[in-house]
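So the structure is just underneath, and the comments pick up after that.
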Amino acid sequence: MTQLVRDDVRNVAIIAHVDHGKTTLVDQMLKQSGTFRSNQQIQNVERIMDSNDLERERGITILAKNTAISYKGVKINIIDTPGHADFGGEVERVLKMADGVLLLVDAAEGTMPQTRFVLRKALGYNLRPLVVINKIDRPEARCMDVLDEVFDLFVELNATDEQLDFMVIYASGREGYAKLSLEDDNKDIVPLLDAILHYVPKPSGDPGASLQMQITSLDYNDYVGRIGIGKIFMGSINVGQQVTRIDKNSNHTTHRITELFTFTGLGKEPVKSAKAGDIVALTGIENIDISDTIASIDNPQAMTKISIDEPTLSMIFSVNNSPFCGQDGKYVTSRNLRERLYRELRSNVALKVEDTETPDAIRVSGRGLLHLSVLIENMRREGYELQVSKPKVIFKELEGEKAEPIEYVVIDVPKEYEGQVISMLGSRKGEMLSMDTDKNITHFEYKIPSRGLIGLRNRLLSATRGEAVMYHNFYAYEHYKGDIAHRIQGVLISMTLGEITAYALDGLLDRGMMFVKPGDRVYEGMIVGEHCEQSDISVNVIRAKKATNIRCATADKGIKLPPPREFSLEMALEYIEDDELVEITPKTFRLRKKLLTENERRTTRRQQTMEPVETPSEKT
């Protein structure tokens, strides 16, 4: 079969570890290539591609995105990929649309866990890499050492001789320049664009052959339904054309293409036709899914299926049944919750949603805690109320034995905290792979069960006074490593409904650290603090000072309280135990016990131990 090479198109993906500057570099490529008119108003001046509110707030890319620029008469299709391990599934799929990759590596941090993950995937697809050492303007940049690390990583991942002969570009995405060597005084991004034209392989395929296109990404629109995005490998496609869809089960169905788009700048451009080498979005195929082949009717040939990594973490999403339910949210019923979660499956293919025996509870599985927490945060902002359980890892069977997901972890801490890190990860069944010290910073590499990561970041930051830096990504499934100790401290639980007073909190300071402040509303069973001992206790946080003829009720205005511990959503999900929940509303989230009353909790413990259990409580 004749393979025709196209000179007018390049398809390149940008891959890197989180926060190594992919999106900022894409900004400069868009601006300096003349993609925007001189008078065009751009809503987001920085990180233009991060259009999602959560992406801009967190400073990370969550969803893979397509854009395109025109340079010297060539259309360069750019695929901006997520850098966080929890969204690695996005990276795997979209790499199949590319013919080459820009591997970005921070000039100071060097190769990191996700660098290894995304490079392994790119090499597996035989993509030609172009290495960009980014952020060379940082004072602590060590470009030559990082280049050695990159080469060692290529060798370790069994790169071919051609892949080892990679081109290197030195760049600063923030300042908007790229250089072929550190001594150059170039001040624009042109050397990088020229390198893409000359180094990234040209797409090939026969436009006259039978159509073959594979769906690697999904979008959704309320008016047209699912939108399939993929690369045309062979043949051509036209609006109104009848095509055959071949799904993952090899079922053949016939459909008509209603709309066809190519990518340009920050949007899509409708076109009448496209041919081999183009990346397009199409509509008209109901329930189109990842890995589907779009083929010609007369000669439908299926392409190799795309494997999607299985979820490693699951949680139970259920209807909010606390005393404050329905006060903040717009969508509060199990029907609302179920419809929203199943709607998420239209575009979030790494997610898995299953009904449980309880009508008000749904099991949701994802690639990691951040993957699930982003979903929860989006639902909260849309007006949903729900409550979620402690995240649990998904076990498998390996060689007839129980197996669990293992994570590859990299930790950088000041040298004086080495002991805390070793002790903490050792107690969580971590296996040290390497340990190096450079300029008073110790670099650890570990393998650790995913169970051991739940709650680790918070404890690590506390033990190192906020100076620890930790990254991780999925490594493999290995045999079960044994039990891991749970949270040591118990919690303080509100014993009644009402508004918190400063007088009550002042009397409880010796009991532990508070999560609430005066004026907050609480209910019975809500967690208000962390106990200084291992047991849970019920406390009265709404007690007020009684007025007498000697003292007045307003005397507690002079009470000085330490600030409460504040939780992010991820921190709250990591903190809770099996008998606790996080209550999510559009305005806030709260920690609570599954069983709200002390009598219910005592009865349950008695049934579990088959003997009476005495529970200390704070009486007023």
Side-chain angles (χ1 to χ4, degrees), residues 4-13 30 35 49 51 63-70 73-80 90 93-99 202-247 252-303 306 346-347 349:
L4 302 179
V5 177
R6 294 185 61 180
D7 290 324
D8 61 335
V9 175
R10 300 291 187 278
N11 298 317
V12 61
L30 287 166
T35 300
M49 294 290 287
S51 53
L63 301 173
K65 302 179 187 68
N66 295 75
T67 186
I69 62 175
S70 181
V74 177
K75 182 176 184 178
I76 302 176
N77 286 308
I78 302 171
I79 307 159
D80 187 17
E90 294 271 334
R93 299 191 309 275
V94 299
L95 283 179
K96 197 160 186 181
M97 292 191 285
D99 299 297
K202 302 171 184 178
S204 61
D206 184 0
S210 297
L211 172 64
Q212 266 193 325
M213 171 185 171
Q214 189 161 41
I215 302 302
T216 52
S217 188
L218 296 175
D219 200 354
Y220 186 82
N221 184 290
D222 288 335
Y223 298 100
V224 299
R226 273 193 176 185
I227 302 171
I229 301 171
K231 178 183 174 183
I232 303 172
F233 291 89
M234 300 294 290
S236 59
I237 191 169
N238 305 298
V239 174
Q241 180 179 342
Q242 295 282 338
V243 297
T244 299
R245 170 202 174 196
I246 308 173
D247 65 18
H252 290 54
T253 53
T254 302
H255 304 269
R256 178 179 172 271
I257 304 300
T258 56
E259 290 179 295
L260 197 63
F261 302 90
T262 58
F263 295 90
T264 176
L266 300 182
K268 300 185 185 77
E269 180 181 26
V271 293
K272 295 295 184 182
S273 63
K275 58 185 179 180
D278 286 328
I279 295 175
V280 299
L282 55 84
T283 64
I285 303 178
E286 188 178 359
N287 297 324
I288 195 169
D289 208 348
I290 297 295
S291 190
D292 287 355
T293 299
I294 308 302
S296 59
I297 290 181
D298 55 349
N299 185 25
Q301 297 292 326
M303 299 189 65
I306 300 173
R346 295 170 178 171
S347 57
V349 294

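Distance check, rounded to the nearest 0.5 Å: CE of M234 to OG of S296 gives 10.5 Å. Taken from CG in L260 to CD1 in I237, the straight-line distance is 5.5 Å, to the nearest 0.5 Å. Rounding to the nearest 0.5 Å places CG of N77 at 9.0 Å from CE of M97. Summarising the geometry, atom CD belonging to Q301 is positioned 11.0 Å from atom OG1 belonging to T244; distances are rounded to the nearest 0.5 Å. Taken to the nearest 0.5 Å, the OG atom of S70 stands 8.0 Å off from the CD1 atom of I76. Between the NZ atom in K275 and the CG atom in D206 there is a gap of 11.0 Å [rounded to 0.5 Å].
Of the residues I232, I79, I78, V9, the one that meets the side chain to side chain contact (heavy atoms under 4.5 Å, CB included) test with I279 is I79.
Of all the heavy atoms in P207 and A276, the pair that sits closest is N-CB, 4.4 Å. When all heavy atoms of S210 and D298 are compared, the pair lying nearest together is OG-OD1, 4.5 Å. Considering all non-hydrogen atoms of both residues, A68 and L30 come closest at O-CD2, 4.4 Å. The heavy-atom pair separating G277 from P203 by the smallest distance is CA-CB, 3.8 Å. What you find for R245 and H255 is that their closest heavy atoms are CB-CD2, 3.7 Å. The two residues N238 and S273 have their closest heavy-atom pair at OD1-CB, 2.9 Å.
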Please report the C-alpha distance between T254 and Q242 in whole Å, then the side-chain angles of each, then the deciding distance to 0.1 Å, and finally whether the side chain to side chain contact (heavy atoms under 4.5 Å, CB included) criterion is met. CA-CA 7 Å; T254 302; Q242 295 282 338; 3.4 Å; yes
Are T262 and V280 close enough, and set up right, to give a side chain to side chain contact (heavy atoms under 4.5 Å, CB included), and what steps lead you there? CA-CA 5 Å; T262 58; V280 299; 4.0 Å; yes
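Taking 4.5 Å as the limit, every side-chain heavy atom of V74 sits out of range of all side-chain heavy atoms of D7. I229 places a side-chain heavy atom less than 4.5 Å from the side chain of F263. The shortest distance between side-chain heavy atoms of H252 and P300 falls below 4.5 Å. Taking the side chain as every heavy atom from C-beta outward, M213 and V243 never approach each other to under 4.5 Å. At a threshold of 4.5 Å between non-hydrogen side-chain atoms, the residues I215 and I285 do not count as touching. Between I294 and L211 the shortest side-chain heavy-atom distance falls below 4.5 Å.
Applying the salt bridge (Lys or Arg N to Asp or Glu O under 4.0 Å) test to pairs two or more places apart or on separate chains, those with a residue in residues 224-238 are D99-K231, R226-D289.
We find that D278 and R6 are joined by a salt bridge, their nearest charged nitrogen and carboxylate oxygen being less than 4.0 Å apart.
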